[in-house]
Amino acid sequence: SVSVKRNQSMTFKPTVKVTKKIKKHVAFRFESTNTKVVTVNSKGKITGKSKGSATIYMYAQNGVYDKVKVTVK
């Protein structure tokens, strides 16, 4: 989990362990469960909008995903 203040930004930089089965170029997609609390752009930069909490989902091309709980203070 991560916490940020209102109007503060930070960037997620997901990494992929490269194997013979996985190509070196992997695109990620980001999604916020509550855009009134926290927004995320296509490059993984999150911005706190108002107090509360939301979950950021990070999706890879092959369908693998991970989530991070973000709390805005």
Side-chain angles (χ1 to χ4, degrees):
S1 68
V2 175
S3 67
V4 294
K5 294 181 181 179
R6 281 183 42 193
N7 298 323
Q8 181 184 9
S9 297
M10 69 180 303
T11 303
F12 290 122
K13 294 183 181 181
T15 58
V16 175
K17 185 177 179 182
V18 178
T19 63
K20 292 180 181 180
K21 293 181 181 180
I22 298 176
K23 297 179 182 179
K24 289 184 179 179
H25 173 73
V26 177
F28 291 97
R29 187 170 59 92
F30 299 90
E31 181 180 23
S32 174
T33 58
N34 190 347
T35 56
K36 292 181 181 179
V37 174
V38 64
T39 59
V40 61
N41 68 8
S42 62
K43 296 186 180 195
K45 181 178 179 182
I46 63 166
T47 305
K49 294 294 182 181
S50 62
K51 289 185 179 182
S53 62
T55 303
I56 301 294
Y57 285 92
M58 298 170 276
Y59 300 98
Q61 283 175 290
N62 61 357
V64 175
Y65 71 95
D66 199 4
K67 60 185 175 180
V68 176
K69 183 178 179 182
V70 178
T71 304
V72 180
K73 296 180 177 183

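E31 places no side-chain N or O within 3.5 Å of a backbone atom of Y57 that could act as its donor or acceptor partner.
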T55 and V68: side-chain contact (heavy atoms from CB on, under 4.5 Å), yes or no, with the steps?
-> CA-CA 6 Å; T55 303; V68 176; over 6 Å; no

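Following chains of ILVMFWY side-chain contacts shorter than 4.5 Å, one cannot reach F28 starting from Y59, and the two form parts of different hydrophobic clusters. Taken together through direct or relayed side-chain contacts under 4.5 Å among Ile, Leu, Val, Met, Phe, Trp and Tyr, V72 and M10 form part of one hydrophobic cluster.
Taking every heavy atom of both residues into account, S32 and V40 meet most closely at N-CG1, 3.9 Å. Contact detail for K49 and T39: the closest heavy-atom pair is CE-OG1, 3.7 Å. Across all non-hydrogen atoms, the minimal contact from K36 to S50 is O-OG, 2.9 Å.
Rounded to the nearest 0.5 Å, atoms CG (N7) and OG1 (T47) are 8.5 Å apart. One distance of note links CD1 of I56 with CG of D66; it measures 12.0 Å at 0.5 Å rounding. One finds the CE atom of M58 at 6.5 Å from the CZ atom of F30 (value rounded to the nearest 0.5 Å). From Q8, atom CD reaches atom NZ of K73 across 10.5 Å, with rounding to the nearest 0.5 Å.
T71 places none of its side-chain heavy atoms less than 4.5 Å from the side chain of V2. No side-chain heavy atom of R29 sits less than 4.5 Å from a side-chain heavy atom of S42.
Under a 4.5 Å side-chain heavy-atom criterion applied to ILVMFWY residues, the cluster that includes V64 comprises that residue alone.
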